Amino acid sequence: MKKEISISELAKLMRVSVHQIRYFEEKGVLFPAYIDENQYRMYGIDEIYRLSHILLLRKAGLSVQAIRHWYDEGTPDDMQQLLLESVYQIEAELDRLRDLSGLIHKVLNDYERFGDRAPSFQVIQREPLVLSSWFETDFNTELDARMLAQQGDTQPGLFETDIHYVYEEECLRRVRLCTKAIDMDGDVVLPAGEYLSCRFSIHDEEELKQHFDQFQAFGDQSPFVLTGPRILVEKSYLSLFTRESLHYELLARVDRSVGNAAEREEKR
DNA sequence: CTTCTCACA
DNA sequence: TGTGAGCA
């Protein structure tokens, strides 16, 4: 009985494919101890160790190229360096995955809180919001693909972040499309404070106008005044859950320093 | 059972 | 960076 083993025995022992062992040979990192008369590759104990190392390094994220290079002319310090670089990459990947997980949780949470519901009004306290303005358009013109494309390189991940439509005060003719500023160079700033918020979902753009009116009506019969721009936030990713509805939040800053509409009426 | 080669993801 | 098929 020979001391060496065939490629399939080695493959079974190391739980890899025969193919992969031959691939490592082609790439110059693992060679048989010798070739048998029948042209079969034969492997000894040294090759078993060598293969273990290769597999470990592959698992650690080193390329076969890099392994080859190290076997050719690598020092122990080089190996330490290679593994360090590898661990940095893995940690970067962990960060990426954490971000991704966070994004999905955010979507899930948002859906649970504001999924499909009748319009709900509430006054909420908001942190200052910095938006980076994107472009301006008319109230009536619908957003189309070309308008998006013409804006050139905007933020990546367009629809992961909510699109904010900021309507100019008083007349709602002009709309400013914004996204949340990632860095601090936003150009539209909404101050912290109390905001009236209404969340709703619609099936047709037509319904938007009604909600604006309802929103205004709600403001008029409340003990405060709505001030500043109306902000329509399109929760674009909530549309993931339903095939045919769009989700929005309508916001306006609350001003309690002025009397409400009814009181103003009295004073006249 | 092994080898090699080629195409493919 | 491997895999799968086909052939000898």
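Quick caveat: nothing in here was measured; it's all calculated off a predicted structure. All chains are named by letter (A, B, ...) in the order of the sequence lines, taking the proteins before the strands, and each is independently numbered beginning at 1. We use all heavy atoms of the structure for the numbers below, so side chains are in, but hydrogens, waters and symmetry mates are not.
The interatomic distance linking A/Asp36 (CG) with B/dT2 (C1') rounds to 11 Å, in whole Å. B/dT3 atom P lies 7 Å from atom CD1 of A/Ile35, rounded to whole Å. To the nearest angstrom, P of B/dT3 lies 7 Å from OH of A/Tyr43. Between the P atom of B/dC6 and the NE2 atom of A/His19 lies a distance of 13 Å, rounded to the nearest Å. Separating the CZ atom of A/Arg22 from the P atom of B/dT5 is a distance of 8 Å, rounded to the nearest angstrom.
Relative ring orientation between A/Phe200 and A/His211 is described as parallel, the plane-to-plane angle staying below 30° on a 0-90° scale split at 30° and 60°.
Toward the 5′ end of DNA chain B lies the nearest nucleotide of A/Tyr40, the other residue of the pair A/Tyr40 and A/Glu26 mapping further downstream.
With respect to A/Glu93 and A/Arg96, a salt bridge is recorded, a charged nitrogen being found less than 4.0 Å from a carboxylate O. Salt-bridge annotation for A/Glu194 and A/Arg126: absent, with no side-chain N of the basic residue lying under 4.0 Å from a carboxylate O of the acidic one. For the pair A/Arg41 and A/Asp36, the salt-bridge criterion is not met [side-chain N within less than 4.0 Å of a carboxylate O]. Ionic pairing of A/Lys106 and A/Asp110 is not present here: no N-O contact between side-chain nitrogen and carboxylate oxygen is shorter than 4.0 angstrom.
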Quiz item: Pairs counted as Watson-Crick or G-U wobble with both distances under 3.5 Å: what dot-bracket string results for DNA chain B, using | for bases tied to another strand?
Solution: .|.||||||
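When DNA chain C is scanned 5' to 3' for any atom under 4.0 Å from a heavy atom of chain A, the first and last hits are C/dT1 to C/dA5.
Considering CD1 of A/Ile163 and CG of A/Leu232, their distance stands at 10.0 Å, rounded to 0.5 Å. Within the model, atoms CD1 of A/Ile7 and CD1 of A/Ile21 stand 5.0 Å from one another, a figure rounded to the nearest 0.5 Å.
Close to B/dT2, at under 4.0 Å from its OP1 or OP2, lies a side-chain N or O of A/Ser8. One finds a side-chain N or O of A/Arg41 lying less than 4.0 angstrom from the OP1 or OP2 phosphate oxygen of B/dT3.
Taking the ring centroids of A/Tyr165 and A/Tyr248, they lie at or beyond the 6.0 Å cut-off.
Note that A/Arg50 lies in the cation-pi zone of A/Tyr71, set by a 6.0 Å cut-off to the ring centre and a 45° limit from the axis.
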